[in-house]
J.: 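Let me give you the structure first, and then I'll get to my questions.
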Amino acid sequence: MSVSRPDNFTVRSGPTGALVLAGELDVATIQELQDRIDEVLVPGQPIVLDLADLTFMDSSAMHCLVRTFEATGR
């Protein structure tokens with residue numbers, strides 16, 4: 001079983017404040033996204049994620065998105 005390398009994923013703040021994700025978001029890279037979400041998370045306030053440049057997303061990524069939705073209520 002192949003696991004993608006962490007250097008295949010980036011997360012940055014876009015010009016509108018959205019977190020822009022690029023590359024492969026999976027079990028090997030999810031912690032980088034979770035750390036960035038934790039930095040900007042304010043309960044009740046939305047977090048905008050731009051997923052347009054993702055080439056792959058596994059179930060660990062979906063779980064992270066659901067947890068973020070639950071934490072923000074949006």
J.: Roughly how far, to the nearest 0.5 Å, is CG of Leu19 from OG1 of Thr10?
T.: 11.0 Å
J.: Any salt bridge (Lys or Arg N to Asp or Glu O under 4.0 Å) pairs touching residues 33-51, not counting sequence neighbours?
T.: Arg36-Glu39
J.: Among Val20, Leu49, Leu21, which one satisfies side chain to side chain contact (heavy atoms under 4.5 Å, CB included) with Val11?
T.: Leu21
J.: Atom CD1 in Ile30, atom CG in Asp58: separation rounded to 0.5 Å?
T.: 7.0 Å
J.: Could you pull out every donor-acceptor pair under 3.5 Å between side chains of residues 64-73 and any protein atom, sequence neighbours left out?
T.:
{"from": "Arg67", "atom 1": "NH1", "to": "His63", "atom 2": "NE2", "distance (Å)": "3.0"}
{"from": "Arg67", "atom 1": "NH2", "to": "Gln34", "atom 2": "OE1", "distance (Å)": "2.7"}
{"from": "Thr68", "atom 1": "OG1", "to": "Cys64", "atom 2": "O", "distance (Å)": "2.9"}
{"from": "Thr72", "atom 1": "OG1", "to": "Thr68", "atom 2": "O", "distance (Å)": "3.1"}
{"from": "Thr72", "atom 1": "OG1", "to": "Phe69", "atom 2": "O", "distance (Å)": "3.4"}
{"from": "Thr72", "atom 1": "OG1", "to": "Arg74", "atom 2": "N", "distance (Å)": "3.2"}
{"from": "Thr72", "atom 1": "OG1", "to": "Arg74", "atom 2": "O", "distance (Å)": "3.2"}

J.: Quick one: list whatever passes side-chain contact (heavy atoms from CB on, under 4.5 Å) with Val48, sequence neighbours left out.
T.: Ala18
J.: Using only atom types and a distance under 3.5 Å, with no angle test, would you say the side chain of Thr29 pairs donor to acceptor with the backbone of Asn8?
T.: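 Flag not set: sc Thr29 to bb Asn8 has no pair under 3.5 Å.
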J.: Please determine whether side chain to side chain contact (heavy atoms under 4.5 Å, CB included) holds for the pair Phe9 and Leu33, giving the CA-CA distance in whole Å, both sets of side-chain angles, and the decisive distance to 0.1 Å.
T.: CA-CA 9 Å; Phe9 174 75; Leu33 175 59; 4.2 Å; yes
